[in-house]
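Below: the structure, in structure tokens.
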Protein chains: 2
Amino acid sequence: MTSQAQTSTRRDELLAIAAELFATKGFKNTTVRDIADAAGILSGSLYHHFDSKESMVDEILSSFQEELFGKYAEIVAGDADPRAKLDAAVRVSFEAIDRHRNEVAIFQNEADYLGTFERFAYLADRNQQSRDVWHALLNEGVSSGALRQDLDIELVYRFIRDTVWVAVRWYRPGAKLSHTDIANQYLTILLDGITS
Amino acid sequence: MTSQAQTSTRRDELLAIAAELFATKGFKNTTVRDIADAAGILSGSLYHHFDSKESMVDEILSSFQEELFGKYAEIVAGDADPRAKLDAAVRVSFEAIDRHRNEVAIFQNEADYLGTFERFAYLADRNQQSRDVWHALLNEGVSSGALRQDLDIELVYRFIRDTVWVAVRWYRPGAKLSHTDIANQYLTILLDGITS
DNA sequence: GTCTATAGACCGATAGAC
DNA sequence: GTCTATCGGTCTATAGAC
């Protein structure tokens with residue numbers, strides 16, 4: 001293994017430690033000393049790896065979002081029927097919560113605040129991109145007759161988006177219910193309601 | 001009007017200004033100078049009215065929660081049928097978002113962090129109390145036959161709680177959809193689903 | 001009730017030794 | 001790649017004048 005690979009591994013370790021803290025305590029509320037302490041080094045040493053605290057959260061968020069939106073794009077471009085596409089998009093989202101809990105939590109909690117800086121303008125773009133994906137899936141569903149005609153699409157989009165992502169607040173990998181169980185129950189409620 | 005009442009009014013003004021900032025920028029990310037600036041005074045002058053920044057957020061949260069849980073208690077104790085009670089609890093919650101946007105936002109964003117201090121231990125109690133209310137309403141619904149038997153009550157509770165309260169992120173009073181419109185659409189989805 | 005002035009702590013970031 | 005040492009800035013909170 002080259003020293004290049006070693007460096008890259010160490011960077012990733014530090015980013016993972018930072019992500020855990022940003023997700024738990026918040027970006028502003030996490031100090032570089034917190035991150036360094038958790039990594040067993042001193043705060044000044046972090047600046048050998050990263051320009052600033054902002055660079056760390058930037059790297060964490062942008063690499064995660066690239067992965068997630070790649071998956072959404074595949075679903076939208078696919079040729080499954082509308083209901084199956086909606087199903088797949090919901091499942092991919094709960095899977096992202098399972099695999100990238102910290103990244104999702106940071107995006108949920110900090111996007112509004114970070115978005116005020118030019119550096120993080122791409123966060124607003126991603127939000128718009130996400131809205132486009134869900135609107136497309138819901139409109140396909142309505143025009144194909146799979147979904148009710150009387151729905152306010154924008155409102156349904158918000159309910160789906162919010163309910164899916166907010167699960168990151170309580171979901172813990174390895175708990176009684178897997179992310180697949182949760183997606184199943186959630187899709188049942190969303191599609192058919194809770195009345196008997 | 002007595003000087004007592006004047007003092008109380010000024011306190012309330014300052015609390016409202018602080019609540020707006022805490023809700024928008026976050027508690028930790030709002031400085032006492034921010035609050036003072038918005039009020040047109042200097043930061044030191046705030047300490048004539050309040051012990052600390054923590055006291056401000058404490059007062060904001062506790063008085064709001066007292067009001068909200070009073071309403072939940074009335075609904076639970078009432079003699080409406082299970083479905084009407086569930087309906088009422090959802091409507092009261094969206095109404096709270098309409099009337100106390102900042103307070104709800106602060107609770108949503110900061111409860112986890114603030115809850116780590118003894119002073120805010122009551123936040124965890126309120127969470128448990130909320131869980132009890134919704135579980136009671138949902139269990140009544142299932143045993144009366146109004147709701148499906150195959151629901152995971154804890155999961156349904158979380159979905160309702162999350163979806164209702166997270167609306168504070170995008171709901172703005174005076175927008176196209178009133179809080180009643182939103183409650184209507186939300187109850188439709190929750191009760192009957194989005195499929196045709 | 002607000003101001004002036006400042007204490008004391010903590011913050012992000014840097015320079016240079018090892 | 002980490003440490004020592006520290007700078008300049010900002011934070012909450014206080015003391016006392018007006």
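Computation of the quantities below employed the complete heavy-atom set of this structure, encompassing side-chain atoms and omitting hydrogens, waters and symmetry-equivalent molecules. Residue numbers start from 1 in every chain, and the chains themselves are labelled A, B, ... in the order their sequence lines are given, proteins ahead of strands.
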Atom NZ of B:K53 to atom P of D:dT14: distance rounded to whole Å?
14 Å
In whole angstrom, what separates B:I41's CD1 from C:dT2's C1'?
7 Å
Establish, with yes or no, whether the OP1 or OP2 oxygen of C:dG1 is under 4.0 angstrom from a side-chain nitrogen or oxygen of B:S45.
no
Any base atoms under 4.0 Å from A:L42, or only sugar-phosphate, or nothing? Heavy atoms, all strands.
base
Indicate the ring-plane relationship of B:F159 and A:F94, choosing parallel, tilted or perpendicular according to the 30° and 60° boundaries.
perpendicular
Could you state the CD1-P distance from B:I35 to D:dC11, rounded to the nearest angstrom?
12 Å
With no hydrogens and no angle check, just 3.5 Å: does a side-chain donor-acceptor pair link B:Q185 and B:D181?
no
Expected list for residues 25-32 of chain B near DNA chain D, using heavy atoms below 4.0 Å, is B:T30, B:T31, B:V32
Would you please confirm or rule out a distance under 4.0 Å between OP1 or OP2 of D:dT2 and any side-chain N or O of A:R10?
yes
Integer-rounded Å distance: C:dG12 C1' and A:L21 CG:
16 Å
Can you list, pair by pair, the side-chain donor-acceptor contacts under 3.5 Å of residues 64-80 of chain B, counting residues two or more places apart and other chains?
{"residue": "B:E67", "atom": "OE1", "partner": "B:H100", "partner atom": "NE2", "Å": "3.4"}
{"residue": "B:E67", "atom": "OE2", "partner": "B:H100", "partner atom": "NE2", "Å": "3.2"}
{"residue": "B:Y72", "atom": "OH", "partner": "B:S93", "partner atom": "OG", "Å": "2.7"}

Grab the CG-P distance between B:L46 and D:dT14 for me, whole Å please.
13 Å
First locate atom CG of A:L151, then atom OG1 of B:T188, and finally report the distance between them rounded to the nearest 0.5 Å.
8.5 Å
Starting from C1' on C:dT2, measure out to NE2 on B:H49 and report it in whole angstrom.
8 Å
Counting only side-chain N and O atoms of B:Y47, is one of them less than 4.0 Å from OP1 or OP2 of D:dA13?
yes
Share the residues that join A:Y47 in a hydrophobic cluster, the rule being Ile, Leu, Val, Met, Phe, Trp or Tyr side chains under 4.5 Å apart at the heavy-atom level.
A:L14, A:L15, A:I17, A:L21, A:F22, A:F27, A:V32, A:I35, A:I41, A:L46, A:F50, A:M56, A:V57, A:I60, A:L61, A:I106, A:F107, A:Y113, A:L114, A:F117, A:F120, A:Y122, A:L123
Separation of C:dA13 atom P from A:D34 atom CG, nearest Å, is 14 Å
Toward the 5' end of DNA chain D, which comes first, A:R33 or A:H48, by nearest nucleotide?
A:H48
When you look at CZ of A:R148, are more than 12 heavy atoms from neighbouring residues, nucleotides or ligands closer to it than 6.0 Å?
yes
Any side-chain heavy atom of A:H135 sitting closer than 4.5 Å to one from A:R131?
yes
Mind calculating the distance between CZ (A:F50) and C1' (C:dG12) to the nearest angstrom?
15 Å
